[in-house]
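The structure presented is a predicted model; accordingly, all values stated were derived computationally and were not measured.
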Amino acid sequence: MRRALLLAALALTGPALAQDIASLRPADSERMAALDAHFGAAMREALAGGAPEDIAVLTQAMAGAAGPVAGLAGDWRCRTLKLGEISALVVYGNFDCRITEAGPGRWEMQKRTGSQRTEGAIVSGPGGTLTYYGVGYVAGGPAVDYAGLPPDDQTAIEPGQTVAQPGIVEQVSQTHARVLFPDPILESRFDILYLTR
């Protein structure tokens, strides 16, 4: 069911969002369509080799089903969890994130502190699916936003080593949300941005 909703959301991202952002690039569409497969493989590696205290944070981050969007805008604490590839599981400390309303069914998100940043648009799609069209970069600023990325380039763009960072946003409650990043371009097999208030 989740995969069907995601594929329907991806199908609508072209003309419906042309005035706002680019549609997902082909490589990003493939990564997003395989989100569950990437997540399963990364979780297997994280649970098999992660430190117990990091697994506890991962469990908290993934607890609860995605619910309706309510009060998503505002300031959040956010921490990045990197699963698989270089290390089984790496959990970073809390940083500052902000989500602001940008129109009906649309928000802007920024991770505002830490050396690794992300910023982009969150757009509501069919069935309430929230797709994140973001870019990741190192502190100092991105070279371009998601819409300005080359159509098929998977390499980092200077300045800021800017990379595509699409994801799915799930709000569990007023105080708990997460962004799921399948098959990141750099460093890991799957990333989670865990948001709490």
Side-chain angles (χ1 to χ4, degrees), residues 2-3 6 9-10 13 21-50 54-55 57-58 61-62 66 76 78-95 97 99 109-123 129-170 177-195:
R2 178 183 184 157
R3 182 182 167 97
L6 177 59
L10 297 178
T13 56
I21 56 174
S23 60
L24 283 171
R25 303 175 326 147
D28 297 337
S29 293
E30 291 173 15
R31 288 165 37 208
M32 294 283 279
L35 184 142
D36 287 336
H38 291 303
F39 180 71
M43 280 293 285
R44 183 175 182 179
E45 192 171 343
L47 294 174
D54 291 340
I55 292 172
V57 175
L58 174 59
M62 292 309 301
W76 294 83
C78 54
R79 58 194 313 185
T80 300
L81 290 72
K82 291 184 171 287
L83 288 68
E85 201 165 292
I86 294 176
S87 296
L89 176 60
V90 177
V91 175
Y92 292 88
N94 281 307
F95 293 98
C97 282
I99 298 175
M109 185 178 80
Q110 288 183 314
K111 180 178 179 284
R112 301 158 49 92
T113 57
S115 62
Q116 294 186 357
R117 309 282 180 95
T118 187
E119 65 181 61
I122 300 170
V123 180
T129 300
L130 298 176
T131 302
Y132 178 63
Y133 299 83
V135 293
Y137 59 97
V138 294
V144 294
D145 61 11
Y146 188 86
L149 290 169
D152 293 311
D153 189 2
Q154 289 247 356
T155 60
I157 302 166
E158 294 297 338
Q161 292 185 332
T162 305
V163 296
Q165 209 171 38
I168 294 296
V169 179
E170 298 181 335
R178 57 188 171 241
V179 187
L180 308 177
F181 300 105
D183 193 22
I185 292 172
L186 301 173
E187 296 182 349
S188 52
R189 192 165 195 162
F190 199 96
D191 287 353
I192 301 167
L193 187 64
Y194 176 31
L195 296 99

Nearest atoms (heavy-atom pairs only) where Arg25 meets Ala164: NH2-CB, 3.4 Å
Glu187 and Val90, any side-chain heavy atoms less than 4.5 Å apart: no
Value rounded to 0.5 Å, distance of OG in Ser87 from CD in Glu45: 9.0 Å
Which atom of Gly167 lies closest to which atom of Met32, heavy atoms considered: O-CE, 3.3 Å
Nearest non-hydrogen partners of Ala88 and Gly49, listed with the distance: CB-C, 3.5 Å
Side chain to side chain contact (heavy atoms under 4.5 Å, CB included) between Leu180 and Met62, worked out: CA-CA 10 Å; Leu180 308 177; Met62 292 309 301; 4.0 Å; yes
For Lys82 against Tyr92, the heavy-atom pair lying closest together: CD-CE1, 3.9 Å
Shortest non-hydrogen separation from Leu83 to Ser188 and the atoms involved: O-CB, 3.7 Å
Ile168 vs Leu130 side-chain heavy atoms within contact, under 4.5 Å: no
Any Tyr133 side-chain heavy atom under 4.5 Å of Asp145 side chain: no
CG-CG distance between Asp28 and Asp183, expressed to the nearest 0.5 angstrom: 10.0 Å
Test item: Ile185 and Gln161 side chains (from C-beta on) under 4.5 Å apart, heavy atoms: no
Rounded distance [0.5 Å steps], CZ in Arg189 versus CD1 in Ile86: 13.0 Å
Partner of Pro142 by side chain to side chain contact (heavy atoms under 4.5 Å, CB included), out of Thr162, Ile157, Thr118: Thr162
Side-chain H-bond candidate by donor/acceptor type, Gln165 with Tyr137, under 3.5 Å: no
From CE (Met109) to CD (Glu119), nearest 0.5 Å: 10.0 Å
Nearest-0.5 Å distance, CG of residue Leu47 to CG of residue Leu89: 8.0 Å
Test applied, side chain to side chain contact (heavy atoms under 4.5 Å, CB included); reference residue, Ile192; option that passes from Val179, Val57, Leu58, Thr80: Leu58
Side-chain heavy atoms of Tyr132 within contact of Leu193, under 4.5 Å: no
Evaluation steps, side chain to side chain contact (heavy atoms under 4.5 Å, CB included), between Leu35 and Phe190: CA-CA 9 Å; Leu35 184 142; Phe190 199 96; 4.2 Å; yes
Pro166 to Pro182 - nearest heavy-atom pair and separation: O-CD, 3.9 Å
Test: Glu170 and Arg178 ion pair at under 4.0 Å: yes
Check against side chain to side chain contact (heavy atoms under 4.5 Å, CB included), Cys78 and Leu195: CA-CA 4 Å; Cys78 54; Leu195 296 99; 4.2 Å; yes
